[in-house]
Amino acid sequence: MANMINLLMAGLATGAIYALVAIGFTLLWQTSQTINFAQGEFVMLPAFFVLAALNLKAPLWLALLIGLGASLLVLGALFKRAVVDPMLRHGVLPLAICTMALSIFLKEGVKESYSAEASPFPSFVPGGNVSLLGAQISIQSVSIFVFALVVVFALQAFLMRTSTGRQMQATAQNPSVARLLGIPVERMILYTFLINAGLVALASFLVSPVYLAKFSSGETLGLAAFIAAIVGGFNQIRGAIAGGLLLGVVDNFAAAYVSTQYRGAVPLFLLIAVILFRPQGLFGRAEERTV
Amino acid sequence: QSIKLISVGELSGPGATVGTNFKNSADLAIAEINAKGGILGRKIEVTHYDSQSNPGVARALVQKALDENPYALLGPGYSGSVKVTAPLAAQAGVAQVMGGEAAELTQLGFGTLFRTSFGQQSSMPKIAKYLAEDVKAKTVALVWVNNDFGKGGRDMVTKELTARGVKIVADLSTEAGQADFAADVVKVKNSNPDAVFVYLNEEESARALKELRRQNVTAPLVGETTLLGQKVIELAGEAANGARGHVGLTVDAPLPALQEYGKRFQAKYNYVPDHNGIKGYLGVYMIKAATEKMGKIDPKGLPEALKGLTISAAAEPGILMDLTIDKNGDLDRESFMGEVVNGKQVIKTVLPKMNK
Amino acid sequence: MAGPILEVRDVRKRFGGITAVDGVSFEVREGEILGIIGPNGCGKSTLFNCILGQLRPTEGRVVLDGQDVTGLRPSEINRRGVSRTFQLLQVFPQLSVRENLILAGQEHKGSMASRLFGKRDAGLTPEADRMIAFFRLGHLADEKAGGLSYGQQKLLDAAMAFMAGPRMVLLDEPAGGVNLTMLGHLEERLRAINAEQGATFVVIEHNMDFVMRLCTRVVVLAEGRKIAEGTPAEVRANQTVIDAYLGH
Amino acid sequence: MGANAATLRAAAFAAGLLFLLLVPLGLSRYGVYIMSLWAVMTIAAMGLNLTLGYAGQVSLAQGAFVGIGSYAVAILSTNGMPFIVPLLVAVGLSFAIGWLLGYPALRVQHHYLAFVTLAFSTLVYLVFRNEEWLTKGIYGIMGFKRPTIFGISTATPLAFYYFCLAMLAIATAFLAWIVRSPWGRAFVALRENPVRALSLGVDTRRYTLMAFAIGSAMGGFAGAVYAPLVEFVDPTPFTLALSLNILMMVIVGGSGFFFGPFLGAAIAVLLPEWLRFAHGWYLVIYAAFVMGLLIYSPTGLLGVADRWTANRKTRRASAERAAASASLSPEKP
Amino acid sequence: MSGSKAAEPVLRVKDIVAGYGEMTILNGTTFDVRPGTITTVIGPNGAGKSTVFKTIFGMLKARSGSVTFKGQDITNAPPRRLLTLGLCYVPQGRNIFPELSVRHNLELGGVSAGAGVDVPARVEALMERFPMLRKKSGQQASTLSGGEQKLLEIARSLLLDPQLMLVDEPSIGLSPLMVQEVFGILKDLRQKGVSVLMIEQNARSALEISDDGLVLELGRTRIQDDAARLLADPRVGQLFLGGVVGDAA
Ligand SMILES: Nc1ncnc2c1ncn2[C@@H]1O[C@H](COP(=O)(O)OP(=O)(O)OP(=O)(O)O)[C@@H](O)[C@H]1O
Ligand SMILES: Nc1ncnc2c1ncn2[C@@H]1O[C@H](COP(=O)(O)OP(=O)(O)OP(=O)(O)O)[C@@H](O)[C@H]1O
Ligand SMILES: [Mg+2]
Ligand SMILES: [Mg+2]
């Protein structure tokens with residue numbers, strides 16, 4: 001029993017990390033119909049902005065601010081301007097592939113210009129553990145969990161309750177009609193990418209103390225988050241939480257009770273059951289009427 | 001005219017950390033040698049090719065390297081990549097000084113293949129012996145990374161432990177880059193072993209140590225260089241205390257030469273090299289020593305010159321520690337048993353060369 | 001005229017809490033031209049989708065040639081000689097007009113394997129070109145269908161339904177957006193096929209002139225139910241129909 | 001004018017063929033090896049181009065099929081079978097597994113399908129790595145020979161290159177036949193508008209399964225050539241990264257264009273090699289180039305060419321319309 | 001009515017050349033819309049009617065020629081500007097946000113409303129007018145029937161109190177009752193001084209409520225005249241109205 005709780009808690013902690021990154025996937029999809037295969041690298045990069053600032057002897061708070069600013073600029077505005085804008089009209093795949101190239105670009109770029117080594121990353125959350133149901137969980141994990149929840153509910157409310165949020169969704173679903181109604185399409189898309197950039201920066205600051213700052217740390221993270229987003233139902237932000245936590249927990253239980261050798265695949269196949277049973281994902285809306 | 005070395009290594013992909021350490025250290029060694037006038041008065045020139053951690057690409061690049069008539073080849077670091085490329089080097093008769101640790105590599109009889117570290121066939125018996133005789137473990141749980149490095153070690157240690165009558169009660173494969181070791185540690189706990197053998201890369205070692213401590217595993221944690229190196233201590237903090245095991249190559253070894261090397265490396269690259277770094281460094285000095293023994297720049301003669309060569313640190317400080325290369329291309333030299341105490345690696349015993 | 005080619009028996013379709021089609025029954029006799037009319041959102045298109053397998057009815061049966069075809073896949077129903085057009089534009093945007101038409105006919109000849117070994121156009125180019133000429137799309141034959149105007153796409157959709165020489169065609173608002181001259185043309189064509197080949201038509205249409213001229217019988221739906229059935233003249237005079245649908 | 005374009009295309013084709021036949025004569029062994037790798041990757045990408053580019057079914061598993069083909073050949077060849085047997089097994093096995101992989105596609109689409117194929121790809125990798133009794137696990141399989149065809153050994157790099165080229169020619173001819181048959185049109189219908197296709201009697205289920213099966217079989221075929229090229233098969237090349245790379249080849253070359261994979265594979269295989277002069281930065285430059293290319297032409301390299309010819313055609317049609325329009329005089333009733 | 005030449009046209013389209021990519025569809029289209037009138041555009045399929053509207057509304061670029069609205073040059077002006085000037089546009093086909101609810105679709109029509117406009121109140125008023133919209137306000141818009149979607153679009157365009165409405169075939173998919181309703185709305189708008197430019201294939205009904213008529217063919221204005229006269233013109237009937245309309249009038 002203690003084992004079970006231990007596994008559950010550890011799974012939730014990892015799952016919260018996946019969820020945090022997965023939110024970005026669903027956000028981008030829901031508000032601009034883009035899939036960003038560089039999302040993992042987007043989480044990796046802000047940590048290096050911070051490290052670079054720290055190397056220049058900036059205090060931690062300032063370094064984090066600089067990291068956030070740089071992310072908004074590079075991963076938000078610049079990404080949107082240089083990569084997304086020219087490709088948005090051409091469907092999902094070319095842009096997805098382009099972001100795949102971007103992920104190579106960022107990964108290799110960081111490796112060459114900074115280091116191939118993992119660097120420890122300072123945590124702005126206090127260390128230590130709290131005891132919960134007999135399991136020790138780090139405060140870091142708890143804060144990631146809480147943060148992910150807060151972000152999801154805030155974003156959900158923003159998209160659903162505010163006019164700007166709905167304009168963003170409208171832009172994604174039918175940009176030409178949105179333009180025709182006078183929705184500032186460009187600005188809506190920019191908001192989307194700025195929010196995403198802020199999100200990945202914060203995710204980066206929370207996750208890097210656990211995962212370490214390393215050029216390749218986005219690989220597994222990005223993939224896991226992609227899966228979490230799909231399982232949650234790609235077009236629902238709150239699905240990302242469910243998907244992330246489910247993936248984290250299932251992964252741990254599968255490794256403990258099914259097979260460690262096949263750990264990479266067992267959870268995926270269990271989650272495929274979810275997808276085949278509910279093709280729109282756990283929380284997703286059914287596809288629109290086609291005829 | 002300069003001496004041309006070509007290095008093919010894992011500079012991107014999953015092995016990037018391995019390959020980059022190897023490359024940086026090789027560069028360091030070459031810079032040092034060139035600063036002192038080179039080998040036999042000739043400067044060394046090196047080209048690095050990136051195998052993307054993919055054996056197929058490595059093969060292509062070794063072919064490319066051989067097309068360029070190098071003096072010797074450095075790398076790769078992944079045993080699989082070594083295995084596909086070794087036949088090409090052998091066919092061309094060019095010495096290949098590489099980083100792979102899989103036991104079988106030097107038993108395939110290529111004749112041009114040379115290690116820069118212990119193969120697992122030398123390190124694992126030492127660990128098995130330590131587990132059986134010093135720790136007096138009757139049962140052991142294995143936690144290993146499922147790539148050619150980890151699997152090779154696991155297979156070897158399993159053989160050695162079984163031969164000594166030690167029972168393997170848990171055999172846990174983990175993934176490279178794995179972040180969450182909760183499930184593995186639960187399994188370790190459930191198997192209730194006398195000792196745990198942990199054979200992972202440095203980062204994963206750190207994470208595994210943290211999780212082992214979190215779940216209060218009290219059995220001794222035994223491993224190789226990758227469990228108790230400086231890097232692991234840096235990443236795992238407190239959790240590293242008590243980890244112990246065999247140390248083949250580490251900058252923390254109680255040898256001034258090794259520590260000096262570590263400092264030079266850190267000064268140049270701003271991080272602590274791991275054992276793969278030392279491999280790249282030694283590789284270059286092995287070539288230097290063999291060449292000087294021959295007294296001429298002769299690529300075809302280099303493999304023969306390397307075989308059976310004993311290099312003393314007194315004569316060639318760059319070799320860091322006396323070593324002997326046997327006729328298969330395996331290394332022999334002293335190694336250590338160490339333990340992490342209060343965030344520092346402490347060497348407990350010095351293990352002599354095997355064939356003294 | 002022969003007996004019913006199609007029987008719709010008490011078909012019901014629910015979407016969550018919404019009942020779009022609420023127990024509709026009627027027959028289509030071989031060789032007739034049946035009109036289906038009714039206010040917006042009364043379930044006409046949903047009914048078509050249920051008949052043709054695009055949707056599975058929640059309840060009720062669809063019987064074709066005396067065989068129960070409820071829940072069969074659209075492709076199977078199509079291969080029994082029933083084709084259709086769509087209310088909202090449904091063409092293959094990246095294929096040329098001619099390719100659209102060939103595609104519409106190719107699956108009706110031979111088996112899947114024989115198609116692999118057969119001619120590239122399955123011998124359908126002449127027929128496709130006849131269709132193109134008839135619908136006055138000649139200058140657009142090699143254009144991508146996605147670049148046609150609304151009415152042209154509508155015509156292409158109709159042309160596709162005729163490619164395989166069907167026994168029965170279900171048309172969902174064929175007149176919408178089609179120029180009147182062209183519509184007259186289409187009407188003649190329908191009549192001709194009906195007379196010469198005995199093909200059966202079921203037409204959903206809001207253009208009452210078109211319905212009155214063309215149809216031999218009309219079924220009226222409102223709020224998912226059948227509220228009237230009869231000749232065009234009868235229906236037009238029916239007060240319920242006037243109130244619910246026609247207006248004054 | 002249509003004839004003009006056709007001649008142009010024929011000339012380009014002939015020139016390309018001549019180039020492929022002659023180019024190895026000017027290359028080092030390494031260059032020849034890379035060209036062989038290009039041929040292999042082109043075959044794999046052509047398969048995915050059928051599944052994705054023509055039929056519109058997203059698959060992240062093409063790399064797994066290359067792996068399945070490679071392992072089939074490696075395992076059977078080490079057991080001493082003549083090359084043709086392992087080759088047929090590789091293709092047949094991939095076809096069958098690809099068919100099965102198509103079933104989820106009948107239920108889910110887009111990113112959900114991407115996920116399912118991704119899971120499959122992960123599973124296949126793990127099977128290669130873990131089922132040691134069959135695959136020798138992480139250590140890989142070595143010691144099988146390059147085939148001897150009609151008594152001619154393909155052991156030398158040059159001979160093997162021509163062997164790869166011949167295999168590429170077979171694959172090309174086969175695929176050309178498929179997409180030029182009515183099947184090709186049905187595949188495109190699947191991509192463009194499955195709902196309409198279904199109502200026109202297109203058995204979308206069977207075509208979907210076929211698209212997966214044939215595409216996968218070509219992946220297996222590529223694998224069957226890959227194994228003797230590298231003369232070593234281990235699990236590491238067949239991770240998800242390979243599938244993604246093949247996907248990139250398809251998109252960069254021009255998804256849904258017959259010769260797209262040729263160009264896409266050239267970019268993905270040859271370009272990094274040309275960029276090696278940039279040392280550590282070569283992948284950065286490569287990635288930047290690919291991004292730039294896609295930003296310039298999201299429809300891929302052949303998309304540019306297609307747009308160009310389409311524009312020429314349109315200009316002509318436009319002129320005709322203008323002339324007809326000019327002949328209409330405004331009437332005053 | 002064509003006699004009232006005094007008033008400056010509210011919309012003047014002059015020598016417009018436009019098209020898609022390399023394809024030129026409009027080869028110098030010219031016409032005027034008088035203030036407070038309904039003008040109906042008819043013509044064969046593919047004549048370029050929708051293209052004219054798209055060009056006026058800034059969705060396609062005019063390569064040459066000019067569009068003036070109340071004396072202001074609005075050639076190639078972006079939609080947002082046109083909306084604030086008082087133009088609105090209901091395109092042909094399906095133009096909704098499929099995954100948003102009916103109510104949200106409707107509300108988005110008010111995005112470019114000025115500060116003083118009470119959008120919720122107007123939404124309420126429209127729902128009063130089209131009870132269907134209220135009944136289905138929470139439903140995802142894509143699940144509406146074809147005709148219901150069109151009504152939603154028309155309602156949405158009314159949210160901004162336009163001064164000139166461009167409507168592309170409003171009658172497609174609408175039941176006769178609904179067509180009457182919509183045409184009634186257009187007439188009411190005219191009453192309030194709003195001008196309407198409408199494309200219709202349902203030409204008889206449309207011309208009957210129109211003041212002016214316009215025949216477009218191959219991207220050019222063939223005829224522009226009083227609607228009643230156009231309806232009566234046998235040549236127009238023969239060529240564009242299926243040959244039956246002329247007699248009917
Ligand atoms: N997938 C769905 N989910 C929920 N409601 C639906 C769905 N599909 C259709 N409906 C509802 O069913 C009703 C009937 O729709 P249908 O399209 O059949 O109407 P119709 O008679 O064809 O109308 P029109 O003349 O406007 O085309 C509509 O009220 C619509 O809102
Ligand atoms: N998106 C497009 N791309 C290329 N060509 C187009 C496009 N849309 C329309 N066309 C072409 O422009 C011409 C005019 O189209 P338009 O839509 O303006 O016609 P229309 O008069 O509105 O016809 P309809 O009555 O059928 O709606 C047609 O010949 C069509 O082929
Ligand atoms: Mg309908
Ligand atoms: Mg139009």
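So you know, we letter chains A, B, ... as the sequences are listed, proteins then strands, and number each from 1.
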For chain D, the option from T20(B), D155(B), L11(B) that forms the most heavy-atom pairs under 4.5 Å: D155(B)

Taking every non-hydrogen atom, the tightest pair across A60(B) and Y30(D): O-CD1, 3.0 Å

Heavy-atom proximity to chain D below 4.5 Å, by part of S79(B): neither

pair R276(D)-D50(B): side-chain heavy atoms closer than 4.5 Å: yes

D67(B) CG to Y33(D) OH distance, which is reported to the nearest 0.5 Å: 12.5 Å

Side chain, backbone, both or neither of L229(D) within contact of chain B (heavy atoms, under 4.5 Å): backbone

Heavy-atom neighbours of K145(D) NZ exceed 12 at 6.0 Å: no

Under 4.5 Å from any heavy atom of chain B - which part of L27(D): neither

Minimum heavy-atom distance between P87(B) and M142(D), given as atom pair plus value: CG-CE, 3.8 Å

Which atoms of N54(B) approach chain D - backbone, side chain, both or neither, heavy atom under 4.5 Å: side chain

Atom pair NZ (K23(B)) and NE2 (H279(D)), whose distance is rounded to the nearest 0.5 Å: 9.0 Å

Heavy-atom proximity to chain D below 4.5 Å, by part of Y78(B): neither

Residue part contacting chain D, namely of E175(B), when any heavy atom lies under 4.5 Å: side chain

Check: D234(D) side chain, G80(B) main-chain N or O, donor-acceptor pair, under 3.5 Å: no

Heavy atoms from other residues, nucleotides or ligands near CD of Q91(B) exceed 12 (cutoff 6.0 Å): no

Heavy-atom check, side chain of T236(D) versus side chain of S53(B), under 4.5 Å: no

Rounded distance (nearest 0.5 Å) linking atom CD1 of I138(D) with atom CZ of R154(B): 12.5 Å

Salt bridge flag under 4.0 Å for residues E231(D) and R59(B): yes

Test item: L61(B) and E273(D) side chains (from C-beta on) under 4.5 Å apart, heavy atoms: yes

Proximity breakdown for Y139(D) and chain B, heavy-atom pairs closer than 4.5 Å: both

Chain B contact via R129(D) - which portion, at a heavy-atom distance below 4.5 Å: side chain

Top contributor to chain D contacts, counting heavy-atom pairs under 4.5 Å, from E104(B), K64(B), K151(B): K64(B)

Flag side-chain contact, heavy atom, 4.5 Å: N130(D) against N146(B): yes

